[in-house]
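Okay, so here's the structure we're looking at.
Ligands are counted one by one from 1 in listed order, and the atoms in each one are counted from 1 as well. Worth knowing before you read on, the calculation uses all heavy atoms, side chains too, and leaves out hydrogens, waters and symmetry mates. Keep in mind that what you see is a predicted model, and the values were worked out from it rather than measured.
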Amino acid sequence: MAYQPESTKKTKDQAPPPKDIWFHQLSWVVLILIFAYSWSNMRSEPSLKLAYSEFKSELQKDNIEAIRIREERISGTFRTPYIPANQLKSSQLGQSYARFYTILPPIDDEYLMKAIESHQISFEAESSKPSFWLNLLAAMIPWVLLIVFFGYTSHVFRHSMNGKGMFSFSKSKAKHYSADNIKERFKDVAGLDNAKLDLKEVIEFLSHPEKYRKLGARIPKGILMMGPPGCGKTLLAKATAGEAGVPFFSVTGSEFIEMYVGVGASRVRDMFQSARKQSPALIFIDEIDSIGRVRGTGLGGGHDEREQTLNQILAEMDGFNSDEAVVVLAATNRPDTLDPALLRPGRFDRKLVLELPQNKARLEILSVHTREKPLDKDVDLQNIAESTVGLSGADLANLVNEAALHAARENKASIDQADFDFARDKVALGSESGEILTEPERKRIAYHECGHAILALLLPEVDPLKKISIIPRGRALGITEQAPQQDRHNFTAKFLKNHLCILLGGRCAEQLIFNELSSGAADDIKRANELARRMAAEWGMSTALSVMNMQQEETHPFLGKEMSLNRHFSEHYAKKLDDEVMKLLKEAEEKACETLKANRDKLERLASELLNQETLNRAQIDALFSK
Ligand code: ATP
């Protein structure tokens with residue numbers, strides 16, 4: 001129960017690419033050439049542009065030493081450095097030039113040749129046609145540019161493809177672990193005993209394939225692991241390869257799919273080819289539902305990329321011959337969406353269901369993850385396992401890590417129970433949000449939580465009260481936590497009716513103390529409605545509907561999500577169902593309000609203590625009432 005504010009509603013085969021040394025060197029050469037050219041231009045003496053008349057005047061003065069003519073351009077050198085007339089006029093000393101150039105006007109100047117000869121000027125003419133080498137250079141420039149461009153794009157591409165080069169689209173992205181590199185063994189996988197038992201046969205086959213071959217035994221080619229997220233599917237697959245001592249290829253379904261059609265299928269081909277070469281080997285395809293959905297349901301009709309990829313997987317699995325000891329393990333948490341062709345005999349015909357860990361398995365997972373960590377003597381792993389109903393293996397691994405981080409932050413030498421308590425609250429209830437509440441808000445939240453808590457203390461056959469708090473966490477402003485002593489598999493009508501009372505207790509307490517309701521009970525009301533509807537529609541717990549099944553939503557076995565079903569009952573029964581839901585809710589509310597009214601003194605004592613302490617655990621609550 002939570003009081004909620006209204007507003008809150010790189011692996012081995014991916015090693016870094018080899019440096020494109022030639023490309024780097026080419027870039028440097030080009031840069032150096034450009035630099036050298038600019039430098040030599042800067043260093044060469046400046047050339048003065050002369051008017052043609054000035055040039056002729058200097059010619060007459062016998063101040064021209066040599067000239068070179070190329071088309072209409074005449075360039076040359078002065079006998080004595082020349083200072084332009086406009087600079088001579090200025091007070092500052094003008095710059096003198098040794099070189100010049102001028103442009104020949106488009107008229108025949110007979111005087112020019114005579115003057116050149118009479119002044120005995122060294123004279124040279126240049127052909128306007130480019131030389132052979134210049135021609136060759138000009139022809140090569142586009143090719144050089146093309147090669148540089150191609151090299152550059154390939155270089156950029158290689159980087160973006162993790163060093164796999166331009167034409168490696170079709171290469172599989174599967175992570176490859178050689179047998180020596182797999183550290184995981186079955187002892188690292190806690191619980192999941194049935195699954196391990198089933199996988200022992202696969203391990204035996206992969207370790208001694210010839211024994212099975214000789215007897216002509218057919219071993220399953222594919223095994224499908226189904227279970228909620230974080231329950232250890234990937235870990236179990238890797239540990240299986242570790243136990244068998246065979247190479248492990250791990251890939252996620254979505255990694256096959258690229259934006260180009262046909263890439264997925266060729267990646268599948270590539271992965272299976274590599275596995276065959278290293279046979280015996282184990283392939284693990286995680287999230288197979290992303291490619292293995294029922295065909296013909298995706299966008300793009302029956303021929304989209306996903307289906308081609310799936311077809312290729314099926315073809316590869318059919319194509320294993322008896323010499324190839326390759327087993328494919330696949331994992332999903334949406335088995336309901338898989339194409340039936342995947343589940344046919346000869347493909348993924350064995351199924352392993354991995355459930356969330358129960359008490360014993362939780363204890364084992366906690367032990368596995370605390371194995372190499374210094375634990376204080378006061379740590380009670382059994383107690384932590386009992387108070388973490390519903391958490392997955394990944395959650396528990398995270399909890400242990402959070403406890404270690406907390407201990408490190410507090411500079412402790414070992415992890416103690418307080419660190420685990422902190423981590424448990426963080427993982428199970430969410431981190432403290434740091435929300436600052438006003439005094440009236442705190443008071444209302446305290447009474448609301450105590451309303452839930454008093455009912456959890458007084459009503460029979462309910463999950464025991466564990467903790468109450470008015471420190472905002474996650475999206476909740478206050479929390480009442482009940483913890484079942486053991487994992488429950490079945491709920492009695494009495495338990496559920498009392499649970500409805502507890503859910504509505506917060507709202508009743510607010511009405512009783514403040515004579516006014518607030519929006520903080522929104523989540524409680526939603527949950528109470530969902531529960532009452534399931535009681536009446538699915539579990540036959542209403543007298544009027546009796547055994548009529550009126551289920552309209554199905555809870556997904558692994559994801560906990562609701563999925564709509566088609567309505568299969570009349571309007572008459574729909575109305576009856578609404579009435580029955582309302583009746584269950586009304587009865588629960590009445591009982592909750594009456595119980596709280598009769599125990600108002602307890603409610604007030606608990607609320608005032610909660611306002612003082614902010615968080616009360618079960619021992620503190622018991623101590624308060626035993627006084
Ligand atoms: P998903 O469906 O999200 O891919 P998964 O079922 O493959 O999840 P894993 O990736 O195998 O889950 O588990 C994540 C981590 O949780 C593991 O690396 C491990 O540390 C821990 N873990 C989960 N289950 C177990 C277990 N049974 N024993 C020990 N550790 C576990």
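- Residue pairs that meet the ring pair (Phe, Tyr, Trp, His ring centres under 6.0 Å) test with at least one member in residues 401-429, sequence neighbours left out, are H406-F422.
- At a 3.5 angstrom cut-off on N or O pairs, C231 counts as close to ligand 1.
- Relative to atom 16 (O) of ligand 1, the option among P229, A394, A331 with the closest non-hydrogen atom is A394.
- Scanning S367, S392, G230 for the heavy atom closest to atom 3 (O) of ligand 1 points to G230.
- Nearest non-hydrogen protein atom to atom 2 (O) of ligand 1 is K233 NZ, 2.8 Å.
- Residues Q312 and Q308 have side chains that never bring a donor and an acceptor to within less than 3.5 angstrom of each other.
- With values rounded to the nearest 0.5 angstrom, M226 atom CE is found 12.0 Å from I288 atom CD1.
- Counting heavy atoms only, T234 comes closest to atom 10 (O) of ligand 1 of the residues T252, T234, N398, N401.
- Between E449 and S469 the shortest side-chain heavy-atom distance does not fall below 4.5 Å.
- The part of N333 lying near ligand 1 is the side chain, judged by heavy-atom distances below 4.0 Å.
- Protein heavy atom closest to atom 12 (O) of ligand 1, with residue, atom name and distance, is G232 N, 3.3 Å.
- By the definition of a contact as any protein heavy atom under 4.0 Å away, atom 18 (O) of ligand 1 is not in contact.
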Legend entry - Full working for side-chain hydrogen bond (donor to acceptor under 3.5 Å, both in side chains) between T332 and D289: CA-CA 6 Å; T332 179; D289 43 281; 2.6 Å; yes

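- From the protein, the heavy atom lying nearest to atom 31 (C) of ligand 1 is L235 CD2, 3.5 Å.
- The nearest protein atom to atom 27 (N) of ligand 1, hydrogens excluded, is given as A190 O, 2.8 Å; this is a heavy-atom distance.
- Listed by chain and number, the residues in a salt bridge (Lys or Arg N to Asp or Glu O under 4.0 Å) with D622 are R618 (sequence neighbours excluded).
- Remark: minimum distance from atom 22 (N) of ligand 1 to any protein heavy atom is reached at G393 C, 3.7 Å.
- The N/O atoms of L192, backbone and side chain alike, include none that comes under 3.5 Å of an N/O atom in ligand 1.
- Between G191 and ligand 1, not a single N/O pair is under 3.5 Å apart.
- Taking only nitrogen or oxygen atoms, main chain and side chain alike, V189 does not reach within less than 3.5 Å of ligand 1.
- Checked against D419 for a salt bridge (charged side-chain N to carboxylate O under 4.0 Å, His left out), the options R409, K412, K373 give a single hit: K412.
- Between Y177 and F248, the ring planes are tilted. Angles from 30° to 60° get that label.
- A donor-acceptor contact closer than 3.5 angstrom links the side chains of H176 and Q278.
- The nearest heavy-atom contact from the protein to atom 4 (O) of ligand 1 is D286 OD2, 3.4 Å.
- In this structure, atom 20 (O) of ligand 1 lies nearest to the protein heavy atom H369 CE1, 3.0 Å.
- The closest side-chain donor-acceptor pair between H452 and D524 falls under 3.5 angstrom.
- Looking at L236 against ligand 1, nothing comes within 4.0 Å, counting heavy atoms.
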